[in-house]
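Scroll down for the structure; my scribbles are underneath it.
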Amino acid sequence: MSTAGKYLGLFLGYFHVNAKELLEYRVSSLIALFGSLLNSAIWLVFWWVFFRRFPNISEWQFVHLFTIWAVLNVALALVSVFYNVYKVPAIINEGKLEYYLVRPKNALFHLLIARMQLIDLLEAAIWFISFIILKPELPAVILFLVMSVISAAIIHGFLLILGSLGFFLKSADGIGTELYNALITFSTYPNWIFRGAAKWIIFTVIPAGFISYVPVQVIYNRVYWWILGSLGFGIFLNVVGCLVFSQGLKYFETGNTFVLRAD
Amino acid sequence: MRRERQVIEAVKDVSFKVEPGRALALIGPNGAGKSTMIKLLCGILSPTQGSIRVLGMDPFKYRSKLAYHISSVFGQRSQLWYHLPPIDTFLLLGRIYDIDRVELKKRMKELVELFDLSSFLYQPVRKLSLGQRMRCEIAAALIHNPKILFLDEPTIGLDVVARSMVIDILRDLNRQKKVTIILTSHDTGDIERLCEDVIVLNEGRIVLESNIREMRKNFFHTKIIEIEFAGQHADLDLPPGVSVIERSGPVVKLEVNLKVQDANEVVSRIVAQNSVRDITIQDPPLESIIQHIYLSGDPAGREAEQNAQIDG
């Protein structure tokens with residue numbers, strides 16, 4: 001079997017055990033899903049009321065807000081397939097990385113796929129169907145999927161860089177959490193509120209613009225070159241994340257416990 | 001206020017070789033460098049100086065390649081999926097180690113028989129007893145047929161029966177399948193039953209490297225003599241170097257300092273003077289020898305030499 005085939009097999013193996021474990025926790029997972037959907041519903045109701053009062057601000061309408069929320073949720077669900085990307089600093093600092101280092105597979109890939117939050121895929125399906133109902137046009141649906149995948153890559157790369165800083169900064173969890181929260185917060189606001197320096201920030205340090213502004217431009221205004229721009233940025237972030245991680249491995253000090261079970 | 005930087009060498013001036021198929025115990029007090037040593041041997045850490053070869057490979061440089069040939073079991077941590085049956089972990093490990101389906105099935109069958117796992121192979125790990133879980137842990141570690149098995153406190157928390165079973169299986173693996181075992185443990189019983197060789201570490205240095213039998217011989221200062229008297233015995237007239245350590249009715253336990261007194265002479269003298277029903281001569285527990293080595297640190301080697309001269 002080729003190396004790619006072996007890695008695909010490993011991915012499917014982890015998908016299988018994570019799916020089985022999800023079934024063990026199905027009630028609590030469904031409650032969490034319901035809570036998340038309720039949270040989204042409250043957010044959408046707020047913006048629906050807002051746009052009833054001000055139907056068109058800087059050419060933004062409710063449908064655009066709904067779209068960025070749907071793209072973000074589908075993207076986050078896809079990131080959940082590599083759920084350990086959220087826990088990279090803890091895995092490094094608590095010595096859990098050792099489990100992956102003593103295995104014959106690439107340690108970074110292995111740790112990223114070891115934990116999956118698959119219930120989020122159900123939430124993604126709900127958002128995807130909602131978008132189809134909102135805009136039942138094939139090109140829009142395809143662009144929605146493409147932009148969701150690219151947004152997932154950007155979030156993943158961003159988290160991977162922040163997490164891998166855990167090798168160098170012993171308390172990277174805190175900084176990472178703050179920056180991640182900023183990314184999500186900026187991603188859920190219409191972009192007309194960001195001007196000047198703030199606009200630069202959301203396309204560089206906290207790349208929320210790629211997750212909110214760009215998908216709307218691509219899906220509704222068909223500005224296709226943004227697809228390549230976002231894709232390039234997503235790849236760039238992930239490549240940098242991998243480099244930071246591999247450089248960080250050289251500084252790895254290990255924890256005082258030799259941990260076997262992955263988290 | 002000034003921040004000072006201090007470099008602590010976890011392991012230093014360490015040099016040893018383990019022949020294939022041997023069972024080696026790495027022992028030492030907490031912080032002695034046992035875990036660091038295992039991490040170096042697995043390729044998790046790279047030495048700042050010196051070189052390591054495991055199965056002819058530099059473990060840090062060829063970590064992934066080496067991983068196919070080594071395995072590890074750590075008593076306080078689990079590699080099993082807690083909410084799933086052990087079989088799921090075995091199947092996943094098959095993918096991690098690129099074992100083809102036919103081979104994996106054959107291997108699992110062997111391990112299920114060897115560790116007697118059939119009755120709980122399909123039960124979630126959370127419902128297993130600690131002994132059952134540990135058998136599954138060791139079976140999981142052997143799924144890819146490793147040549148070297150690292151064990152860190154594999155019997156911690158196990159009851160006597162489970163402990164005995166785990167050690168018996170490990171000994172069979174070592175003696176019959178020639179799997180090299182490197183064990184760290186604080187339990188001298190495990191060490192004695194499983195290992196032939198021992199390395200005692202303290203503060204990152206090798207304090208003693210020896211065959212366990214040799215270590216016993218060289219570090220004996222004392223013998224324990226237990227005597228059961230047939231009737232009432234008068235106050236024992238003990239020669240210098242002999243002391244009573246326990247007295248319970250007709251049974252008296254004596255400790256003989258071999259540097260001062262010969263154990264056989266003590267026995268002859270007591271038998272000549274008293275009516276004795278039973279008499280046994282025991283070695284002191286390995287634990288006390290190890291404790292002595294820990295406490296004496298570097299001079300341990302010299303002391304062993306001196307004792308060897310006394311014996312010989």
Side-chain angles (χ1 to χ4, degrees), chain A residues 1-29 91-92 94-111 113-116 167 246 249-263, chain B residues 10 30-31 34-46 59-60 62-85 87-101 124-126 137 140-141 144 146 150-153 184:
Chain A
M1 201 192 285
S2 68
T3 307
K6 285 173 185 170
Y7 275 90
L8 179 65
L10 184 66
F11 179 84
L12 293 175
Y14 271 108
F15 192 91
H16 178 74
V17 287
N18 277 284
K20 276 190 92 168
E21 203 165 65
L22 171 66
L23 291 175
E24 287 282 322
Y25 295 119
R26 53 188 171 272
V27 176
S28 60
S29 298
I91 289 170
I92 294 166
E94 291 168 19
K96 294 177 182 175
L97 184 59
E98 292 163 358
Y99 173 84
Y100 305 100
L101 291 177
V102 293
R103 309 288 151 184
K105 294 288 185 283
N106 177 282
L108 177 58
F109 177 78
H110 195 170
L111 87 86
I113 61 165
R115 283 284 172 191
M116 302 176 183
F167 283 113
S246 61
L249 262 186
K250 294 176 186 167
Y251 292 87
F252 183 49
E253 289 173 349
T254 84
N256 64 349
T257 51
F258 198 120
V259 184
L260 281 175
R261 214 0 271 130
D263 260 328
Chain B
N30 293 330
K34 305 184 294 288
S35 297
T36 304
M37 192 97 97
I38 287 191
K39 286 171 187 175
L40 286 163
L41 293 170
C42 290
I44 292 170
L45 295 176
S46 168
F60 190 73
Y62 298 101
R63 189 171 50 215
S64 297
K65 201 173 163 194
L66 182 66
Y68 286 105
H69 305 291
I70 63 170
S71 197
S72 37
V73 177
F74 293 82
Q76 296 182 61
R77 300 282 169 176
S78 173
Q79 67 168 324
L80 301 167
W81 284 68
Y82 189 63
H83 294 282
L84 300 180
I87 182 93
D88 287 313
T89 302
F90 295 165
L91 293 170
L92 183 64
L93 286 166
R95 288 180 189 260
I96 293 173
Y97 288 100
D98 305 324
I99 308 167
D100 73 57
R101 280 182 190 199
V125 171
R126 65 173 185 273
E137 293 284 356
H144 58 293
F150 295 98
L151 298 148
D152 190 2
E153 298 282 352
T184 76

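A, B, ... follow the sequence lines: proteins, then strands. Residue 1 opens every chain.
Atom CH2 of Trp81(B) is separated from atom CG of Asn18(A) by 4.0 Å, given to the nearest 0.5 angstrom. Atom-to-atom distance recorded for Tyr7(A):OH and Asp98(B):CG is 8.5 Å, nearest 0.5 angstrom.
With sequence neighbours excluded, the residues satisfying side-chain contact (heavy atoms from CB on, under 4.5 Å) with Ile96(B) are Leu10(A), Tyr14(A), Tyr99(A), Arg103(A), Pro104(A), His110(A), Leu92(B), Leu93(B). Listed by chain and number, the residues in a side chain to side chain donor-acceptor pair (under 3.5 Å) with His144(B) amount to none (sequence neighbours excluded).
Side-chain contact between Tyr25(A) and His83(B) is present, with heavy atoms from C-beta onward closer than 4.5 Å. A 4.5 Å side-chain heavy-atom check between His16(A) and Arg95(B) finds every atom pair outside the cut-off.
In this structure, the portions of Glu21(A) lying under 4.5 Å from any heavy atom of chain B include both its backbone and its side chain.
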